[in-house]
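This report refers to the structure that appears directly beneath it.
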Amino acid sequence: MSQEVDLTDQLQARREKLKELREQGINPFGARYERTHDTEKIRTLYSSLTEEELEEKPVPVVMAGRLMAKRRKGKAGFADIQDFNGRIQLYVRKDNVGDEEYEIFKRIDIGDFVGVEGTVFKTHVGELSIKVTKFNILSKAMRPLPDKFHGLKDVEQRYRQRYLDLIVNPEVRKTFILRSKIVQTIRDYLDGESYLEVETPTMHSIPGGAAARPFITHHNALNMDLYMRIAIELHLKRLIIGGFEKVYEIGRVYRNEGIDTKHNPEFTMLELYAAYDDLRDIMSLTENLISSVAEKVLGTTEITYEDKKVDLKPSWRRIHMVDAIKEVTGVDLWPEMSDEEARKLAADHGVAVKDDMIYGHVVNEFFEQKVEETLVQPTFIYGHPVVISPLAKKDPSDNRFSDRFELFIVGREHANAFSELNDPIDQRERFEEQMREREAGNDEAQIIDEDFLEAMEYGMPPTGGLGIGIDRLIMLLTDSASIRDVLLFPQMRNREDK
RNA sequence: GAGCCGCUAGCUCAGGGGUAGAGCAUCUGACUUUUAAUCAGAGGGUCGAGGGUUCAAAUCCCUCGCGGCUCACCA
């Protein structure tokens, strides 16, 4: 209590009011409150009625919410309360609620939770409102909310104190409600296709299934280091081996990499696997899934992302990576060539490559540096070089390439899929190649996973697999510029002053 | 990791060498259909932190912190 002298005027005023409420025998942090209506229900049921109709047949309601605005005029006043579905105006008159409750209304602050009883009416300008007959304080807010008109703009504070952002910025609330609907719709779609949703470990003893640096943690009782998963892949394939023919998981993965507008250390992936399917089946599934989610959630497949018009209606363009490179740059990488010749081509066309890169790496660099950003409309790029695809089947007609695709929309990768490699001998060779890359200094090359290889040796059916970055999909469908705008609590650096 | 920009009242922002400003919010008063209510008055600041230059620093310089954007990294 001795630090009360340090409190700002705002905090002092609210503490003072809290004390007064208690002195009047009112609990400022009340218990349950049973509502008959929320703002949405009132709006849908009564907004079409006229002022006169509502006056003739008054509708009694009990509702609750957070006080967002207050306009007092002597012995009466208006206030806006907000609940999950919206806002509604209250009209509080001294001669309707009595002297005692009117005093409480006079002292109540923006940000407080209130519960009211009253009747629905319309003001002379036609605004649907509640004429309050009983006024209760349900919970006192001890700090003031951000500016009622300008909201909360400070980006740092919006991320660090997302609850404030959600209270005062309705479009933020809308984005996260949409996020929830999108994920739900994906689940509904996959459930409709008879996929089984599963949960697999997020702590792995070998981080596999992708090329990325992992977070390391430690289990005390087992006295062993564990890695936060960088992908879901290898466990879901074990389930395919175990006889689950269609499985998926929507879950968090963790990558120990830089943070920017498209990367957060933890993010959400959808991975699914379908036995007996191949790349073509997964392409169809992907375009049907994403377009139907857009249709269900947004009501259209025609979307706008950062002023770019995108049509998600199937079928989407399918083009081999080498053909796409040829189309954009004019460079033909189809002919057989040495690694040195490939690097020379890159140098001649302004594609930065490292000296130890082989043909497959060069093809990938060409694609990433020259083609990727040009792919605005949904495009399946298939046939990635085998060297960068250690978990995908080889293309039977050209073993430099794999049965893999990535989906690009607005110049960004949105999905990654393969005809899954199910030959354990080939898989071992691919892992060994990865280990050689690792020893050569690529600390994101994959680590050999003996336990997974053993599983595959028991027999794995031909399988199609897919990974979709859910956060990026949400960004696309909500026209959000930063991944932080679709993550409720994005990763932030600690502040030293708190 | 690099470059650029930002950090001033609870919130939104002005002020860019002469000792701190506005709107909302807060406090006091008036007002019984207002809605960014209005009117009158009052209080509220370690100007991100630390150091330096100067008679004088929110302002100029240096270091650091946090954030944003761009680039690099992320196959």
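Per chain, numbering begins at 1; letters A, B, ... match sequence-line order.
- For Ala76(A), whose side chain is taken as the heavy atoms from C-beta onward, the closest listed nucleotide among G43(B), U34(B), U32(B) is U32(B).
- Between A36(B) and U46(B), the distance separating the two C1' atoms is 33 Å to the nearest Å.
- If you check every strand for non-hydrogen atoms under 4.0 Å, Arg158(A) touches nothing.
- In this structure, Pro390(A) reaches the bases: a heavy-atom distance under 4.0 Å links it to at least one base atom across the strands shown.
- Among the atoms of the strands shown, base atoms are found under 4.0 Å from some heavy atom of Asp260(A).
- An OP1 or OP2 oxygen of C74(B) is reached within less than 4.0 angstrom by no side-chain nitrogen or oxygen of Arg213(A).
- With respect to the salt-bridge test (charged N to carboxylate O, under 4.0 angstrom), the residues Asp356(A) and Lys354(A) do not qualify.
- Among G23(B), G10(B), A25(B), the nucleotide with an atom closest to any side-chain atom of His150(A) is G23(B).
- Residue-level contact check: Phe367(A) touches neither bases nor backbone, having no heavy atom under 4.0 Å from any strand.
- Using a 30° and 60° split on the angle between ring planes, Phe401(A) and Trp334(A) fall in the perpendicular class, above 60°.
- Counting any heavy atom pair closer than 4.0 Å across all strands shown, Asp95(A) reaches a base atom.
- Within 4.0 Å (heavy atoms only), Leu152(A) reaches sugar-phosphate atoms of the nucleic acid but no base atom.
- As judged by a 4.0 angstrom heavy-atom cut-off over every strand, Arg93(A) is placed among the base-contacting residues.
- Among the protein residues, Thr261(A) comes within range of the sugar-phosphate backbone only, with heavy atoms under 4.0 Å from sugar or phosphate atoms but none that close to a base.
- Between Lys148(A) and A25(B) there is a side-chain polar atom (N or O) within less than 4.0 angstrom of OP1 or OP2.
- Residue-level contact check: Lys73(A) touches the bases, meaning some heavy atom is under 4.0 Å from a base atom.
- Contact check, Arg255(A) against A75(B): no side-chain N or O comes under 4.0 Å of OP1 or OP2.
- Counting non-hydrogen atoms under 4.0 angstrom, Lys17(A) reaches the backbone sugars and phosphates but no base.
- By the 4.0 Å N-to-carboxylate-O rule, Arg317(A) lies close enough to Glu327(A) to be salt-bridged with it.
- Taking every side-chain heavy atom of Gln157(A) into account, C11(B) is the closest of C24(B), C11(B), C73(B).
- Under 4.0 angstrom from either OP1 or OP2 of U34(B) there lies no side-chain N or O belonging to Arg71(A).
- In this structure, Gly151(A) reaches the sugar-phosphate backbone alone: every heavy-atom distance under 4.0 Å involves primed, P, OP1 or OP2 atoms, never a base.
- Between Phe121(A) and Tyr91(A), the ring planes are tilted. Angles from 30° to 60° get that label.
- Comparing U38(B) with G45(B), their C1' atoms are spaced 29 Å from each other, to the whole Å.
- The side chain of Asp109(A) approaches C27(B) more closely than any other nucleotide in the set C27(B), G44(B), C74(B).
- Nucleotides U32(B) and A14(B) are separated by 39 Å at their P atoms, to the nearest Å.
- Using a 4.0 Å heavy-atom distance criterion, Arg87(A) is classed as making no nucleic acid contact.
- Counting any heavy atom pair closer than 4.0 Å across all strands shown, Ala13(A) reaches sugar-phosphate atoms only and no base atom.
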Subject >> Evaluation steps, ring pair (Phe, Tyr, Trp, His ring centres under 6.0 Å), between Tyr227(A) and His204(A) >> reply: CA-CA 5 Å; Tyr227(A) 302 91; His204(A) 292 178; 9.2 Å; no

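- Taking atom C1' in both U54(B) and U19(B), one finds a spacing of 14 Å when rounded to whole Å.
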